[in-house]
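For reference, the structure discussed in these notes is given below.
All values reported here derive from a predicted model rather than from experimental measurement.
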Amino acid sequence: MFNFKRLINKYSKEPVYLLRETEGYYDWEQGGIWVPGGEEIEIEGAVVPLSNEDLQFDEGGTYTTEDRKLYCYEEIDKGEKVKHKEKTYTVIEKKDYS
């Protein structure tokens, strides 16, 4: 089993937020305006650029140089959103290294 703690500590310079969907609601105190659901949960993680090996799929349209890899200890499902440095990414693949 590989321990990613050192990698995460080295590359976690900026906060990473998991964007979890929650139910929205009507705020009747503000005239009944709709308030969309959602919360930002700060997680410990390292967002790193893709390696050349990862980018080999770029030609086929799978990955671009804008895509990133996230190493973390949180359980994140495919399709969930992650925010880092004001950019939002969608998790399209996950790999369990445990």
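With contacts defined as side-chain heavy-atom distances shorter than 4.5 Å, the pair D27/Y25 qualifies. Looking at heavy atoms from C-beta onward, Y17 lies out of side-chain contact with I41 at the 4.5 angstrom threshold. A 4.5 Å side-chain heavy-atom check between V82 and L70 finds at least one atom pair inside the cut-off. In this structure, K81 and Y89 have side chains that are not in contact, with every pair of non-hydrogen atoms separated by 4.5 Å or more. Taking the side chain as every heavy atom from C-beta outward, Y73 and K5 approach each other to under 4.5 Å. Residues I43 and I76 have side chains in contact (heavy-atom distance under 4.5 Å, counting atoms from C-beta outward).
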Report task. Check step by step if side chain to side chain contact (heavy atoms under 4.5 Å, CB included) holds for E42 and V16. Result -> CA-CA 6 Å; E42 187 171 350; V16 179; over 6 Å; no

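Annotation for V48 and Y71: closest pair CG2-CE1, 3.7 Å, computed over non-hydrogen atoms. Of all heavy-atom pairs between S12 and G45, the closest is CB-O, 3.1 Å. Across V47 and R68, no two heavy atoms sit closer than the pair CG1-CB, 3.5 Å. Here the closest heavy-atom approach between residue T90 and residue G79 is recorded as CG2-O, 3.8 Å. Contact between P15 and H84 at its shortest, heavy atoms only, is O-CD2, 3.5 Å. Closest heavy-atom contact between G38 and T22: N-OG1, 2.6 Å.
For CD of E40, the number of neighbouring non-hydrogen atoms (other residues, nucleotides, ligands) closer than 6.0 Å is greater than 12. Other residues, nucleotides and ligands contribute only 12 or fewer heavy atoms inside 6.0 Å of the CD atom of E29.
Comment: K94 engages E75 in a salt bridge, judged by a side-chain N to carboxylate O separation of less than 4.0 angstrom.
Taking CD of E80 as the start and CG of L19 as the end, the distance is 9.0 Å to the nearest 0.5 Å.
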